[in-house]
Amino acid sequence: MKYEGMKAGIFRGRPNRFLADVELDGRVERCHVKNTGRLRELLLPGVSVWVQKSRNPDRKTGWSLIAVEKPDGKGGSTVVNIDSQAPNEEAARWIREGGLFPGVTLVKREKTFGKSRFDLYVEVGERKIFVEVKGVTLDVDGTARFPDAPTERGVRHVEELERCVEAGYEACLLFVIQMKGVMSFGPNENTHPEFAEALRRAHGMGVQILAYDCIVTADSMTIDAPVPVRLS
């Protein structure tokens, strides 16, 4: 996916999970944070960020925080997309174009099954597949981790994917890692052990657990390559 109206800035602070203070051309602007996760390892005072100009003149904040430059500790850096809407948008495009399932005949957004609404419903000929997409921004020593905060909603989604399988559908949990440079993906056991256990249980019942990294620039994010998944 591609962004328009982007501008580089310097992160100065985060008064709450919805807002950030970003210096733009020497003036500090209050920006909307399009991610309610903790992001403690990314949003550090002084780091370079990129924000997008809002097209809504009535919105209280004129900019949205989209991406962060994360130093790699070796003199280089990685751009991390933190827009929580980007993984769904990009996954829909990518799957529609055959990136995950060759021969796709239908891709539908926001499909309900049971008590959950899944991000994508996909048909490939006679195959009927529910896909739940999770964005990942946390990198712990080269391993992408999810979640970065406890998510009871995420546990419910995993459990509903099991019920999809029991009902005869295919089910897939797709982790979109919003950066390059990680070597593997695994659940964040320390932060939310119940999610990690739910993930392992779902995998044992036939839910596909997949992770892909992304090519990220200041104004774009594109799903790129599969990343090994380690559930234990």
Side-chain angles (χ1 to χ4, degrees), residues 1-90 134-151 154 175-192 195 213-222 224 227:
M1 64 177 295
K2 186 79 173 176
Y3 296 90
E4 297 180 354
M6 298 295 288
K7 189 176 183 65
I10 300 172
F11 178 78
R12 293 304 184 196
R14 190 180 186 184
N16 61 49
R17 64 178 181 160
F18 301 106
L19 298 173
D21 291 330
V22 176
E23 183 178 333
L24 301 174
D25 297 328
R27 177 180 175 179
V28 175
E29 296 279 355
R30 187 143 287 182
C31 305
H32 172 57
V33 179
K34 300 184 72 173
N35 189 315
T36 58
R38 292 174 176 169
L39 306 174
R40 291 171 179 167
E41 77 291 348
L42 294 174
L43 295 182
L44 302 174
V47 299
S48 296
V49 296
W50 289 268
V51 296
Q52 182 182 38
K53 182 68 175 176
S54 172
R55 295 180 178 179
N56 182 358
D58 298 323
R59 210 178 78 169
K60 292 182 179 180
T61 52
W63 300 87
S64 294
L65 181 54
I66 300 295
V68 182
E69 185 176 43
K70 179 184 178 183
D72 62 9
K74 302 176 183 178
S77 62
T78 300
V79 180
V80 181
N81 182 294
I82 63 168
D83 178 0
S84 61
Q85 298 174 1
N88 286 4
E89 294 290 336
E90 174 59 14
K134 301 294 185 188
V136 183
T137 61
L138 178 61
D139 171 9
V140 181
D141 299 326
T143 297
R145 298 285 187 189
F146 182 92
D148 78 340
T151 170
F175 290 95
V176 176
I177 302 166
Q178 296 169 253
M179 69 189 93
K180 291 292 287 185
V182 299
M183 295 175 286
S184 63
F185 166 82
N188 196 348
E189 191 101 35
N190 292 335
T191 295
H192 199 179
F195 182 84
D213 67 12
C214 293
I215 297 172
V216 179
T217 69
D219 63 355
S220 69
M221 189 183 88
T222 306
D224 188 35
V227 171

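One is the number of the first residue; the rest follow in order along the sequence.
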**Request:** Kindly write out the residues that satisfy side chain to side chain contact (heavy atoms under 4.5 Å, CB included) with Ala67, not counting sequence neighbours, or none if the list is empty.
**Result:** Trp50, Val79
**Request:** Carefully, step by step, assess Thr61 and Ser54 under the rule side-chain contact (heavy atoms from CB on, under 4.5 Å).
**Result:** CA-CA 8 Å; Thr61 52; Ser54 172; over 6 Å; no
**Message:** According to salt bridge (Lys or Arg N to Asp or Glu O under 4.0 Å), who are the partners of Glu23, at least two apart in sequence or on a separate chain?
**Reply:** Arg12
**Request:** Using the test side chain to side chain contact (heavy atoms under 4.5 Å, CB included), find all partners of Lys34 that sit at least two apart in sequence or belong to another chain.
**Result:** His32, Ser64, Ile66, Asp83, Gln85
**Fill in**
Applying ring pair (Phe, Tyr, Trp, His ring centres under 6.0 Å) to Phe146 and not counting sequence neighbours gives Phe175, Phe195
**Asn81 (side chain) donor-acceptor with Met221 (main chain) under 3.5 angstrom** = no
**Message:** If the threshold is 4.0 Å, N to carboxylate O, is there a salt bridge linking Arg27 and Glu29?
**Reply:** yes
**Prompt:** If you draw a 6.0 Å radius around CG in Asn56, do more than 12 non-hydrogen atoms from other residues or ligands fall strictly inside?
**Reply:** yes
**Request:** For Arg40, check salt bridge (Lys or Arg N to Asp or Glu O under 4.0 Å) against everything at least two apart and list the hits.
**Result:** none
**Request:** Provide the full list of salt bridge (Lys or Arg N to Asp or Glu O under 4.0 Å) pairs with a residue in residues 45-54, sequence neighbours left out, each pair given once.
**Result:** none
**Request:** List in chain and number order the residues that pass salt bridge (Lys or Arg N to Asp or Glu O under 4.0 Å) with Asp58, two or more places apart in sequence or in another chain; answer none if no residue qualifies.
**Result:** none
**Request:** Would you please name every residue forming a salt bridge (Lys or Arg N to Asp or Glu O under 4.0 Å) with Glu69, sequence neighbours left out?
**Result:** none
**Message:** Can you pull out every side chain to side chain donor-acceptor pair (under 3.5 Å) where at least one residue sits in residues 181-191? Sequence neighbours excluded, please.
**Reply:** Thr143-Ser184, Ser184-Arg230, Asn188-Thr191, Glu189-Arg200
**Item:** With Lys70 via side-chain hydrogen bond (donor to acceptor under 3.5 Å, both in side chains) - residues at least two apart
**Value:** none
**Request:** Sort out for me which residue in Leu43, Val68, Leu42 forms a side chain to side chain contact (heavy atoms under 4.5 Å, CB included) with Phe11.
**Result:** Leu43
**Prompt:** In chain order, what residues pass the side chain to side chain contact (heavy atoms under 4.5 Å, CB included) check against Val140, with sequence neighbours excluded?
**Reply:** Leu138, Arg145
**Item:** Partner residues of Lys60 under the side chain to side chain contact (heavy atoms under 4.5 Å, CB included) criterion, sequence neighbours left out
**Value:** none
**Request:** Keeping the roles fixed (side chain from Asp21, backbone from Pro15), state whether a donor-acceptor pair exists under 3.5 Å.
**Result:** no
